[in-house]
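Take a look at the structure below.
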Amino acid sequence: MVQYFLSTRRKTFLRIPLGILLAALLLSPAWASKRAKNAVPQALPPDILMDGGRKLSFERSFSLEREVKPKRSFWTRVVDVIAGEPDFHYLVNPYSIVTDSKGRIIVSDPGADGVHVFDFTQQKYKFLTRREDGKNPMLAPQCVAIDSQDNIYVTDSEAGKIFVFDSNGKFRRTIGSLKGGEGYFKRPTGIAIDSAAQHIYVTDTLRHQIFMLDMQGSVLQKIGKPGNGDGEFNFPTELRLHNDNLVVVDAMNFRVQVLNRDGTFRYAIGKVGDGTGWVFRPKGIGFDSEGHLYIVDGLWGVVQVFDDQGRLLYYFGGKGTDLGQFQLPAGMQIDGSDRIYVVDSFNHRVQVFHYYGVSPEGRKQ
């Protein structure tokens with residue numbers, strides 16, 4: 001029956017005059033939109049040149065599942081016009097981002113109720129969701145992290161849990177649930193995995209604390225308390241592990257705090273304000289290979305870069321919809337090649353930059 005249907009469809013399709021097919025394709029909204037988009041390409045932002053030969057270059061942006069997969073042939077697009085395009089996933093309201101050892105790009109998307117896994121190398125895409133699961137649904141995926149085995153950890157700020165998927169995207173378990181369905185997180189947000197020590201760090205934004213867990217989810221330590229002093233927090237959000245440090249976005253204290261991994265305060269960067277080098281709405285954070293701290297400012301639409309003394313080195317971005325500009329940017333990831341991924345949330349995309357630093361030998365000169 002299936003073979004008959006395909007054969008019949010093929011014969012019917014081949015009887016359609018070529019001119020009609022071409023007209024249908026060229027006049028279709030999707031084709032017209034693509035032609036218009038290709039006709040007026042956006043200008044690429046210029047490189048930012050810095051002392052010592054350092055520079056920052058814009059590479060690309062992406063937002064759709066179909067950007068990952070191989071190019072569709074002409075005749076496949078003709079069939080799409082007649083039969084309708086298949087449904088492709090796209091970024092709705094992306095928030096957090098991480099890359100794994102295979103180069104895959106993992107993006108949480110509360111607006112889509114799931115997590116996108118973009119694999120440009122293998123030209124594959126997956127969408128992880130549990131919204132329709134009646135027993136244990138994932139309601140509001142917030143931040144993502146991976147461990148040394150590329151298992152994926154997703155905080156759910158509404159369900160009050162951490163959802164764990166293996167490297168193939170298969171759901172494995174939740175962390176944070178107690179008997180009876182009640183959890184011990186009020187609003188889990190940021191997450192970081194210390195695979196060597198077998199620790200999971202999670203910010204509970206509404207408790208103004210950081211939880212240190214073992215890999216089974218038992219609480220080992222609570223770090224911090226409400227306040228604005230050293231080691232105190234006011235709605236902490238994103239987390240990042242860097243060298244021996246635990247780095248925390250202390251959102252409503254308008255700063256980033258750097259702690260030892262046992263929670264001992266080391267130093268802080270940032271203060272409230274709208275001037276250059278001040279931080280008004282800190283979001284994602286990351287470190288490049290030279291140890292510079294990058295802080296996304298969601299309100300001003302820029303990424304500011306500091307040294308470990310808190311001195312502003314440079315910044316990039318600005319409010320807007322052009323390439324290199326942001327609207328309500330959120331998460332950030334810097335991979336081992338100094339590619340910088342910025343979640344441009346309100347523009348429904350991820351933008352990718354490349355930082356070219358100075359080699360260790362050059363820094364010694």
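Salt bridge present: Asp250 and Arg255 bring a charged side-chain N and a carboxylate O closer than 4.0 Å.
For Phe316, the ring pair (Phe, Tyr, Trp, His ring centres under 6.0 Å) partners two or more places apart in sequence, or in a different chain, are Phe353. Under the ring pair (Phe, Tyr, Trp, His ring centres under 6.0 Å) criterion, Phe211 pairs with Phe185, sequence neighbours left out. Taking Thr321 as the reference, nothing meets the side chain to side chain donor-acceptor pair (under 3.5 Å) condition, with sequence neighbours excluded. For Tyr153, the ring pair (Phe, Tyr, Trp, His ring centres under 6.0 Å) criterion is met by no residue, not counting sequence neighbours. Scored by the side-chain contact (heavy atoms from CB on, under 4.5 Å) test, Gln122 finds Asp119, Lys124 as partners (sequence neighbours excluded).
In this structure, Arg54 forms no cation-pi arrangement with Tyr314, as its terminal cationic atom is not both closer than 6.0 Å to the ring centre and no more than 45° off the ring axis. For the pair Arg130 and Phe163, the cation does not sit on the ring face, since its NZ or CZ is not both under 6.0 Å from the ring centre and inside 45° of the axis.
The closest side-chain heavy-atom distance from Ser108 to Tyr95 is below 4.5 Å. The shortest side-chain heavy-atom distance between Lys161 and Asn136 falls under the 4.5 Å cut-off. Residues Val202 and Ile175 are not in side-chain contact: their nearest non-hydrogen atoms beyond the backbone lie 4.5 Å or more apart. The side-chain heavy atoms of Met50 and Leu56, taken from C-beta on, include a pair separated by under 4.5 Å. Tyr355 places a side-chain heavy atom less than 4.5 Å from the side chain of Glu290.
Here the closest non-hydrogen pair linking Arg261 and Met212 is O-CE, 3.4 Å. Smallest separation of non-hydrogen atoms from Gly217 and Leu213: O-CD2, 4.0 Å. Between Ala140 and Glu158, the closest heavy-atom pair is CB-CB, 3.7 Å. Minimum interatomic distance between Gly324 and Pro45 (heavy atoms only, all atoms of both residues): CA-CG, 4.0 Å. Minimum heavy-atom separation, Gln42 to Asp322: NE2-CA, 3.3 Å. Contact record, Asp109 with His116: OD2-NE2, 2.9 Å, taken as the closest heavy-atom pair.
Among residues at least two apart or in separate chains, there is no side chain to side chain donor-acceptor pair (under 3.5 Å) pair with a member in residues 209-222.
Aromatic ring orientation, Tyr201 versus His199: perpendicular (interplanar angle above 60°, classes split at 30° and 60°).
Side-chain polar atoms of His354 and Tyr356 form a donor-acceptor pair below 3.5 angstrom. Between the side chains of Asn151 and Arg172, not a single donor N or O lies within less than 3.5 Å of an accepting N or O. Checked by atom type, the side-chain pair Thr99/Gln333 shows a donor-acceptor distance below 3.5 Å. In this structure, a donor-acceptor pair under 3.5 Å is present between the side chains of Asp335 and Tyr341.
For Asp244, the CG atom counts as loosely surrounded, since its 6.0 Å shell holds 12 or fewer non-hydrogen atoms of other residues, nucleotides or ligands. Residue-environment remark: NZ (Lys170) stays at or below the threshold of 12 foreign heavy atoms within 6.0 Å. Counting non-hydrogen atoms of neighbouring residues, nucleotides and ligands closer than 6.0 angstrom, the CG atom of Asp133 exceeds 12 such neighbours. Atom CZ of Phe287 is surrounded by more than 12 heavy atoms from other residues, nucleotides or ligands within 6.0 Å. Few gaps surround CZ on Phe171; more than 12 heavy atoms of other groups in view lie less than 6.0 Å from it.
In terms of modelled atom types and a separation under 3.5 Å, the side chain of Thr155 and the main chain of Cys143 share a donor-acceptor contact. Checked by atom type and distance alone, the side chain of Thr129 pairs as donor or acceptor with a backbone atom of Asp113 at under 3.5 Å. Remark: the backbone N or O of Asp204 is not paired with any side-chain donor or acceptor of Lys186 at under 3.5 angstrom.
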#### Entry: Derivation of the side chain to side chain contact (heavy atoms under 4.5 Å, CB included) call for Leu241 and Leu246
CA-CA 5 Å; Leu241 294 172; Leu246 173 64; 3.6 Å; yes
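Linking ILVMFWY side-chain heavy atoms closer than 4.5 Å, directly or via other members, places Val98 and Val107 in two distinct hydrophobic clusters. Linking ILVMFWY side-chain heavy atoms closer than 4.5 Å, directly or via other members, places Ile340 and Val352 in two distinct hydrophobic clusters.
Here the CD1 atom belonging to Ile210 is positioned 14.5 Å from the NZ atom belonging to Lys225, to the nearest 0.5 angstrom. Atom CD in Gln351 sits 5.5 Å away from atom OG in Ser61 (nearest 0.5 Å).
The aromatic ring centres of His208 and Phe235 sit less than 6.0 Å apart.
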